[in-house]
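What follows is a single structure, written as C-alpha cells, with notes after it.
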Amino acid sequence: MVKPVLLLLVSNIFMTFAWYGHLKDLKAAPLWIAIVVSWAIAFFEYCFQVPANRLGVAYFSLPQLKVLQEIITMLVFAGFSVAYMKVPLTRNYFFAAMLLAGAAYLIFSEKPR
C-alpha cells in the first residue's frame with residue numbers, strides 16, 4: 001500500500017514542475033521551448049503515475065485513488081509554491097487542506113463492496 005503512495009508522490013513532483021516550473025525558469029524563453037521542456041518532464045511523471053495507479057487499484061477503490069492523488073497534489077503544490085516559487089502560504093491553503101481532509105474522510109469511510 002505504501003508503494004503506490006510513494007509513486008504518486010514522485011509523479012506529482014514531476015507534474016508540478018512540468019505544469020508550473022516554466023513560469024519561473026523559462027519566463028523569457030519562447031513558448032514552444034516551454035512546451036517541449038514541460039512535455040519532457042511530464043514523460044517522467046507518467047513513468048511514475050501509471051504504475052502508481054496500476055498498483056494502487058489493488059489497495060484502493062478508484063474514487064479513493066483519485067482523492068489520494070488530489071491530496072498528494074495539494075501537499076506537493078504547497079511545498080513547491082513556498083520553496084521554489086517563493087509564494088507565501090495563506091489561510092486559503094489551510095482551508096483547501098481542510099476540504100481535502102473532509103473529502104478523504106468521506107471517500108475512505110465508505111465500505112468497499
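What you see is a predicted model, and the numbers here were worked out from it, not measured in a lab.
Note: F17 and F80 meet the aromatic proximity criterion, with ring centroids under 6.0 Å apart.
Few gaps surround CZ on F108; more than 12 heavy atoms of other groups in view lie less than 6.0 Å from it. Other residues, nucleotides and ligands place more than 12 heavy atoms under 6.0 Å from the OH atom of Y84. Around atom NZ of K3, no more than 12 heavy atoms belonging to other residues, nucleotides or ligands sit under 6.0 Å away.
Hydrophobic clustering places L26 together with V87 (ILVMFWY residues linked when any side-chain heavy atoms are closer than 4.5 Å, directly or through intermediates). L31 and W19 fall into different hydrophobic clusters, where Ile, Leu, Val, Met, Phe, Trp and Tyr residues are linked whenever their side-chain heavy atoms come under 4.5 Å apart, directly or through other members. Under the 4.5 Å side-chain contact rule for hydrophobic residues, V37 and F43 share a cluster. M15 and I35 are members of different hydrophobic clusters when ILVMFWY side chains are connected at heavy-atom separations under 4.5 Å. Note on V50: it does not cluster hydrophobically with M1, by side-chain heavy-atom contacts below 4.5 Å among ILVMFWY residues.
Between Q64 and Y59 there is no side-chain heavy-atom pair separated by less than 4.5 Å. Side-chain contact between V67 and L100 is absent, with no heavy atoms from C-beta onward closer than 4.5 Å. Residues Y93 and S81 meet the side-chain proximity criterion, which asks for heavy atoms closer than 4.5 Å.
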Query - Worked check of side-chain contact (heavy atoms from CB on, under 4.5 Å) between N53 and L8 - result: CA-CA 8 Å; N53 286 337; L8 282 173; 4.1 Å; yes
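Scanning both residues, L9 and V76, for their nearest heavy atoms gives CD1-CG2, 3.6 Å. For the pair F60 and V5, the tightest heavy-atom approach, listed with the atom from each and the gap, is CZ-CG2, 4.4 Å. I71 and A104 get closest at one heavy-atom pair: CD1-CB, 3.4 Å. Of all heavy-atom pairs between A42 and A18, the closest is N-CB, 3.9 Å. Annotation for A83 and K86: closest pair O-NZ, 2.8 Å, computed over non-hydrogen atoms.
At distances below 3.5 Å, not a single donor-acceptor pair connects side-chain atoms of S11 with backbone N or O atoms of L7.
The CZ atom of F94 lies 12.0 Å from the CG atom of L89; values are rounded to the nearest 0.5 Å. In this structure, E70 CD and L99 CG are separated by 13.0 Å, a value rounded to the nearest 0.5 Å. With values rounded to the nearest 0.5 angstrom, L75 atom CG is found 10.5 Å from T16 atom OG1. Rounding to the nearest 0.5 Å gives a distance of 7.0 Å between CG of N12 and CD of E45. The OG1 atom of T90 lies 9.0 Å from the CZ atom of F95; values are rounded to the nearest 0.5 Å.
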